[in-house]
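Contents: one structure, followed by commentary.
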Number of protein chains: 2
Amino acid sequence: MDYEHTCMIRGDGGRTLRAILDQICNKWTLLVVATLDQGTLRFTDLHHQVPGISQRMLTLTLRHLERDGLITRTVHAEVPPRVEYALTPTGESLIPPALALAGWAIAHAPGIEESRAAYAAR
Amino acid sequence: MDYEHTCMIRGDGGRTLRAILDQICNKWTLLVVATLDQGTLRFTDLHHQVPGISQRMLTLTLRHLERDGLITRTVHAEVPPRVEYALTPTGESLIPPALALAGWAIAHAPGIEESRAAYAAR
DNA sequence: CGGCATCCCCGTCGATACTG
DNA sequence: CAGTATCGACGGGGATGCCG
């Protein structure tokens, strides 16, 4: 890894970068985006497919993603109401790097658990 | 992006994955790891090179990274004391995916800011 | 120099209840 | 069905001060 690339993550001192990263890397965003990679989903579908998320946090996460232009929110004027969420091109472009990080986490999870156990035993 | 890959991030329901991701993707971890990509650094060096981090959070972040086996902490028995931090191979392996995400954030930061401004103006 | 201990604020998050 | 409103607990994280 050469310095050019390293420079990138350190960027402007990390301020702007960290602001974006904080939005993306929070507790639920990556999981919601990854779930939407399946295609268009309704609110309830997401609620069931993202395990452990509360209605409140799903709503907030979706609002943030919509605000940042990563997903679209489509309200159908029907009874009962139907609201569909889908990734925008920008949102889709987040999938590969998100999976890269997720892949790393999965690949190194056992090692991390082991190291953590060894650390606790000291 | 096919379903096999998507499945990965959704994994076991996201529980284990999110636990690891929460550790890695927090406010400071990625920046500290990226800074250590330069090579071995002392505590004060890190404090200066990671802008905005408090002494407390730098200490905590370094302890977590050490516990998880991503960095090594070497204390030199000298006066004044000297403590050096360096990435382990596991820590180094986090750099590429971290840069992928950072690259995405930098590339899309203008678009996100724009979308956010448009959203606020509604 | 490189921490750890303490205090305290504030944002995050879940639970619950209510609405169109 | 798809939210909004409100409350309260919790913990991240900054400021400060002390220590080996």
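Order of the sequence lines fixes the chain letters, A, B, ..., with proteins taken first and strands second; residue numbering starts at 1 for each chain.
With sequence neighbours left out, B:Thr29 forms a side-chain hydrogen bond (donor to acceptor under 3.5 Å, both in side chains) with B:Asn26. Every residue meeting the side-chain contact (heavy atoms from CB on, under 4.5 Å) condition with A:Thr88, not counting sequence neighbours, appears here in chain and number order: A:Thr72, A:Thr90. Applying the salt bridge (Lys or Arg N to Asp or Glu O under 4.0 Å) test to A:Glu84 and every residue at least two apart in sequence or in another chain returns A:Arg82. Residues that satisfy the side-chain contact (heavy atoms from CB on, under 4.5 Å) test with B:Val75, not counting sequence neighbours, are B:Arg73, B:Val83. Considering only residues two or more places apart in sequence or on other chains, A:Ser93 meets the side-chain hydrogen bond (donor to acceptor under 3.5 Å, both in side chains) condition with B:Trp104, B:His108. Applying the side-chain contact (heavy atoms from CB on, under 4.5 Å) criterion to B:Arg116, with sequence neighbours excluded, gives A:Gln23, A:Arg67, A:Asp68, B:Ile112. Partners of A:His47 by side-chain contact (heavy atoms from CB on, under 4.5 Å), not counting sequence neighbours, listed by chain and number: A:Ile53, A:Gln55, A:Leu58.
Taking the side chain as every heavy atom from C-beta outward, B:Leu60 and B:Trp28 never approach each other to under 4.5 Å. Residues B:Thr40 and B:Thr74 have side chains not in contact (no heavy-atom distance under 4.5 Å, counting atoms from C-beta outward).
Sequence order on DNA chain C of the closest nucleotides to A:Leu60 and B:Arg73 puts B:Arg73 first from the 5' end.
Consecutive pairing runs in DNA chain C reach the stem threshold at C:1-20 with D:1-20, where a stem means at least three Watson-Crick or G-U wobble pairs with distances under 3.5 Å.
Contacts between residues 75-87 of chain B and DNA chain D, defined by a heavy-atom separation below 4.0 Å, involve B:Pro81, listed by number.
For A:Thr59, no side-chain nitrogen or oxygen approaches OP1 or OP2 of D:dA2 to under 4.0 Å.
From B:Leu87, atom CG reaches atom CD1 of B:Ile95 across 5.5 Å, with rounding to the nearest 0.5 Å. A:Leu46 contributes atom CG, which lies 5.0 Å from atom CG of A:Leu41 (distance to the nearest 0.5 angstrom). Rounded to the nearest 0.5 Å, atoms SG (A:Cys25) and CD1 (B:Ile24) are 10.0 Å apart.
Remark: C1' of D:dG13 and CH2 of B:Trp28 are 9 Å apart, rounded to the nearest angstrom. When the P atom of D:dC1 is taken as reference, atom CG of A:Leu46 falls 14 Å away, rounded to whole Å. Taking atom CZ of B:Phe43 as the reference point, atom P of D:dG20 lies 18 Å away to the nearest angstrom. Atom CG in A:Asn26 sits roughly 16 Å away from atom C1' in D:dG11 (whole-Å rounding).
For residues 55-98 of chain A, no residue pair satisfies the ring pair (Phe, Tyr, Trp, His ring centres under 6.0 Å) rule, not counting sequence neighbours.
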Nucleotide by nucleotide, nucleotides 5-10 of chain D touches protein heavy atoms under 4.0 Å in the pattern (B base, S sugar-phosphate only, - none) -B----
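Chain A approaches DNA chain C over the interval C:dC13 to C:dG20, counting the first and last nucleotide 5' to 3' with an atom under 4.0 Å from its heavy atoms.
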